[in-house]
Amino acid sequence: MTVVTRFAPSPTGLLHVGGARTALFCWLYARRMGGKFILRVEDTDRERSTEEAVRVILEGMAWLGLEADEGPYYQTERFDRYRRVISEMLKAGSAYRCYCAKEELDALREQQIARKEKPRYTGICRERTAPRPGVEPVVRFRNPLSGAVVVEDLVHGPVTFQNAELDDLIIARSDGTPTYNFCVVVDDMDMGVTHVIRGDDHLNNTPRQMNMLLALGVTPPAYAHVPMILGPDGTKLSKRHGAVSVLQYEQEGYLPDALLNYLVRLGWSHGDQEVFTREEMIAAFDIHDVNKAASAFNPEKLLWLNQQHMVRSPPTALIPHLRAQLRRLGTDSDDEQLLEGVIVAQRERAKTLKEMAENSRFFFSDDVRLDPKAAAKHLTADGIAGLGKVRARLAALKEWNAAAIHDALNTLATELQVGLGKIAQPVRVAVTGTAVSPPIDATLALLGRERALARLDSALAGT
RNA sequence: GCUCCCUUCGUCUAGAGGCCCAGGACAUAGCCCUCUCAAGGCUGUAACACGGGUUCGAAUCCCGUAGGGAGCGCCA
């Protein structure tokens, strides 16, 4: 049997890291098993669903590279199908019309809560045959009254629910539109879903869904309820930390593979391996190995992983990402050589591409503004004097490359009987504007002779 | 309140009765390297929620307790 998984977000909010991880697990498992991954948009709540949210979810999935083999399907486009199933169930007796008014049900619920009971529908209309004038009925699923449902969960193991605990849920509203739990059931059935992988907040819905599937005469799929992601403080994910669109991470200069790598390691591991490529993730992933406990989102480890991915990725692959960040800062370059050189020089001193771009502006813009503190510290009378000597040596260089520059500076330092830092720092400030940059030889080499000398001249002229 | 789920270093995790006075990673502290900043290397601090069992032996099995979470909508 071919594995079919699905990611089924509802477009009432954005695609945050929690949803992204669920999607990742679905995608990984399908890829791993050589199966199919379906994307389905659960937009039955017309009040709260927005096209904007749909767009953001689709964009997020695309950025993450979690491509679907089928879909996106939209539940709002399947209403005819749902209606047909409902009328079949009505005919078969596995569903019935309920004429209880909303106010009556609210009152009932309040009484039950007051009595410290679990609020639930008591089945008043189960045996009703005649309609009730003036009330548009809803349709309820006739849940079995006795026995138990066992969810053979792939991450939790068997979980038993007593049917007596389950009430008759509404599958069609009084306006005739189907509800979530019902649509899921029909869709999973129609789309041949074999493995439902979703957040464990759905575990409690599962026995009802299984009962409906059983009533429809189909074998329920396998279920895997994965734990939630918590905020860094161990409480529910909020806007303050992870509950932002995954696209936010693109803006912040993260690589999609790094985010995915971080997310897959939340609740799952493979020996002592921390860094995974996409291919490695697919090869190693198994839904059975996923943990049961919720885990806290740790931005620092994400940062570390992002750097690991930047360092390991081929430099040229980062060029478009770096350029996007440079553009956000108001610069850009199409000099591939320069870009690649900057990436190699900067990737181990930046955690994100955004940071890399910020640290690298001076490579692309000749508008170098000296940091006052750095200038005060290093462009002293002594420093300027050294700068003049450096300028002369560099100007005399036959070859302009890191090794030659390195030799020249080292020789000068030895002659002057000072440490290399004594002359490198003034040069760094003159050329980059700050006291921090990649090694001075590499920096000068990347900048090129003309630009480097011009900047030294500016500093010497005190402008 | 009821039902269901969860519980190893600050955080992510390894661990499926002896290999564990608990291993790795992030973070953190110190040292080394060093032209700055990093990266890297080495070293350190740091955990089996608690209480009972079972067993020659338990982080691992069983039962309780505590704490956390989810669900209980004509929301998804």
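Since the model is a prediction, treat every value here as computed from it, not as a measurement. All heavy atoms count here, side chains included; hydrogens, waters and symmetry mates do not. In what follows, chains are A, B, ... by sequence order, proteins preceding strands, each numbered from 1.
- Atom CG of A:L305 and atom P of B:U13 are 13 Å apart (whole Å).
- Under the 4.5 Å side-chain criterion, counting only non-hydrogen atoms from C-beta, A:R455 is in contact with A:V368.
- Side-chain proximity of A:V436 to B:C12, B:C37, B:A76: nearest is B:C37.
- Residue A:A296 places its side chain closer to B:U11 than to any other of B:C2, B:U11, B:C35.
- Distances shorter than 4.0 Å separate some side-chain N or O of A:T44 from OP1 or OP2 on B:A76.
- Going from atom CG of A:L108 over to atom C1' of B:C74 covers 15 Å, rounded to whole Å.
- Checking the phosphate oxygens (OP1, OP2) of B:A70, a side-chain nitrogen or oxygen of A:K236 falls inside 4.0 Å.
- Each of B:G71, B:G73, B:C6 was ranked by its minimum atom distance to the side chain of A:K118; first place goes to B:G71.
- Between A:N291 and B:A14, a side-chain N or O to OP1/OP2 separation shorter than 4.0 Å is present.
- In this structure, of B:A14, B:C72, B:C74, it is B:C74 that holds the atom nearest to the side chain of A:R173.
- A:V149 is listed as a side-chain neighbour of A:N163, based on a closest heavy-atom distance under 4.5 Å.
- Nearest-nucleotide assignment on RNA chain B puts the 5′-proximal partner with A:H406, out of A:Y121 and A:H406.
- For A:T160 and A:D289, each mapped to the nucleotide of RNA chain B holding its nearest heavy atom, the one lying further toward the 5' end belongs to A:T160.
- To the nearest angstrom, P of B:C35 lies 16 Å from CG of A:L416.
- Closest contact between the side chain of A:I440 and the listed nucleotides B:C35, B:A70, B:C12 involves B:C35.
- In this structure, CG of A:N181 is placed 10 Å from C1' of B:C75, rounded to the nearest angstrom.
- Side-chain to base pairing of A:D200 with B:A70: no donor and acceptor N or O lie closer than 3.5 Å to each other.
- Separation of the P atoms belonging to B:G44 and B:G57 is 33 Å when rounded to the nearest angstrom.
- Comparing the same atom, P, in B:U8 and in B:G69 gives a spacing of 15 Å after rounding to whole Å.
- Between the P atom of B:C5 and the NE2 atom of A:H202 lies a distance of 18 Å, rounded to the nearest Å.
- The backbone N or O of A:A403 sits nowhere less than 3.5 Å from a side-chain atom of A:D441 that would complete a donor-acceptor pair.
- Other residues, nucleotides and ligands contribute at most 12 non-hydrogen atoms within 6.0 Å of the CZ atom of A:R369.
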Anything under 3.5 Å between a protein N or O and an N or O of nucleotides 23-32 of chain B, put it in a table, one pair a line.
residue, atom, partner, partner atom, Å
B:G24, N2, A:R265, NH2, 3.4
B:G24, N2, A:E274, OE2, 3.1
B:A25, O4', A:E274, OE2, 3.2
B:C26, O2', A:K301, N, 3.3

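- Nearest to the side chain of A:Q308, among B:C4, B:G40, B:C6, sits B:G40.
- A:E104 has its side chain out of reach of A:I124: every pair of non-hydrogen atoms, C-beta onward, lies at least 4.5 Å apart.
- In this structure A:R109 satisfies the side-chain hydrogen bond (donor to acceptor under 3.5 Å, both in side chains) test together with A:D106, sequence neighbours excluded.
- Of the candidates B:A38, B:G73, B:C12, the closest approach to any side-chain atom of A:R109 belongs to B:G73.
- Neither OP1 nor OP2 of B:U3 sits under 4.0 Å from any side-chain N or O of A:Q112.
- Following rounding to the nearest Å, A:D167 (CG) and B:C72 (P) show an atom-to-atom distance of 10 Å.
- Distance, A:Q162 CD to B:C5 P: 12 Å, rounded to whole Å.
- With ring centers used as reference points, A:F25 lies 6.0 Å or more from A:F7.
- Listed candidates were B:A14, B:A38, B:G73. Nearest to the side chain of A:S269 is B:A14.
- With hydrogens and angles left out, the side-chain atoms of A:R173 and A:T177 include a donor and acceptor closer than 3.5 Å.
- One interatomic measurement links the two molecules: CD1 of A:I423 to P of B:C35, which rounds to 11 Å at whole-angstrom precision.
- Counting only heavy atoms from C-beta on, A:Q425 has its side chain closest to B:U36 among B:U36, B:C4, B:A39.
- For B:U13, one of the phosphate oxygens OP1 or OP2 lies less than 4.0 angstrom from a side-chain nitrogen or oxygen of A:S295.
- Interface remark: the A:R349 side chain does form a donor-acceptor pair with the B:C37 base, using a distance-only criterion of under 3.5 Å.
- Between A:F285 and A:W268, the angle of the ring planes lies from 30° to 60°, which puts this pair in the tilted group.
- Not one side-chain nitrogen or oxygen of A:R347 sits closer than 4.0 Å to the OP1 or OP2 atom of B:A39.
- Between the C1' atoms of B:G67 and B:C50, the separation comes to 10 Å (whole Å).
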